[in-house]
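Below: the structure, in structure tokens.
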Amino acid sequence: FSMIWYGGRISLSIGFLATAISTAIAIVFGAVSGYAPRWLDEILMRLTEIFLSVPELLIIILLQTVIGKATIWSLVIGITSWTGIAKIVRTEVIQLKNSEYVLAARSMGGSFFYILIRHLTPNFISSIMFMVVMNVRGAIVAESTLSFMGLGLPLEVISWGSMLSLADQALLNGAWWIILIPGAFLVTTLMCVTNLGNYLRIRNNQGVRNL
């Protein structure tokens with residue numbers, strides 16, 4: 001019982017922290033790309049597409065091998081899952097950068113980050129909320145998958161994924177509950193996150209149609 005609740009805290013913390021990191025990177029990168037001259041925008045988007053072409057789990061394993069610390073999964077997952085959001089942010093910024101309020105802020109000497117935080121982000125945040133929520137799910141799945149494969153968190157760090165990594169020993173000992181219970185909590189959490197993301201997507205689409 002205590003392992004389930006403590007492990008859930010670790011798994012959810014990794015999901016939320018990794019998403020916060022990836023969202024921050026995506027907003028800055030996408031805004032720079034959308035705000036930059038066309039030649040620089042093309043270079044940044046080609047780099048993004050190259051990054052997208054490599055499976056995320058392979059990048060996570062590579063970075064984890066280079067860094068060598070299994071306790072910073074939030075950072076490792078966060079810096080590998082920003083590309084999808086960045087492309088949406090870039091599209092939104094291209095549409096917004098010539099708006100009157102943005103041009104007025106630029107003419108008054110507003111810096112890039114001031115305009116991004118004060119004027120751009122509030123206008124595109126609803127467009128990326130679905131993918132932000134989905135990134136929470138993706139981070140939890142990535143940690144659980146790699147821990148199940150024995151490549152994630154060490155056994156002394158309890159999470160739902162590291163508990164599932166004991167599956168072979170549990171099956172040999174007939175302790176089916178060691179697999180079933182954390183697996184059930186993991187699946188239920190992922191379903192709740194998915195439903196929340198779908199709700200945000202539907203609500204955003206309805207708001208766009210109302211406009």
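With hydrogens and angles disregarded, no donor-acceptor distance shorter than 3.5 Å links the side chain of Ser33 to the backbone of Phe29. In this structure a side-chain-to-backbone donor-acceptor pair under 3.5 Å is missing from Ser11 to Gly8. In this structure, the side chain of Ser107 engages the main chain of Ala104 through a donor-acceptor pair within 3.5 Å. With Ser22 contributing its side chain and Thr19 its backbone, the two residues share a donor-acceptor pair below 3.5 Å.
Relative orientation of the Tyr114 and His119 rings is perpendicular, given thresholds of 30° and 60° on the angle between their planes.
Between Arg90 and Leu44 the shortest side-chain heavy-atom distance does not fall below 4.5 Å. Residues Arg137 and Thr194 have side chains in contact (heavy-atom distance under 4.5 Å, counting atoms from C-beta outward). Within the 4.5 Å cutoff, the side chain of Trp82 has no heavy atoms near those of the Ile21 side chain.
Atoms CG and CD1, from Leu120 and Ile27 in turn, are 10.5 Å apart once rounded to the nearest 0.5 Å.
Annotation for Arg38: atom CZ does not count as buried by contact number, only 12 or fewer foreign heavy atoms lying within 6.0 Å. The neighbour count for Tyr6 OH, taken as heavy atoms of other residues, nucleotides or ligands under 6.0 Å away, does not exceed 12.
Both Tyr101 and Phe124 sit in one connected hydrophobic cluster of ILVMFWY residues. Membership requires side-chain heavy atoms under 4.5 Å apart, directly or through other members. Under the 4.5 Å side-chain heavy-atom criterion for Ile, Leu, Val, Met, Phe, Trp and Tyr, Leu40 and Ile94 are members of distinct hydrophobic clusters.
Annotation: side chain to side chain donor-acceptor pair (under 3.5 Å) contacts of Ser81 (sequence neighbours excluded): none.
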Would you please test Tyr199 and Asn195 for side-chain contact (heavy atoms from CB on, under 4.5 Å) and show each step? CA-CA 6 Å; Tyr199 168 76; Asn195 287 333; over 6 Å; no
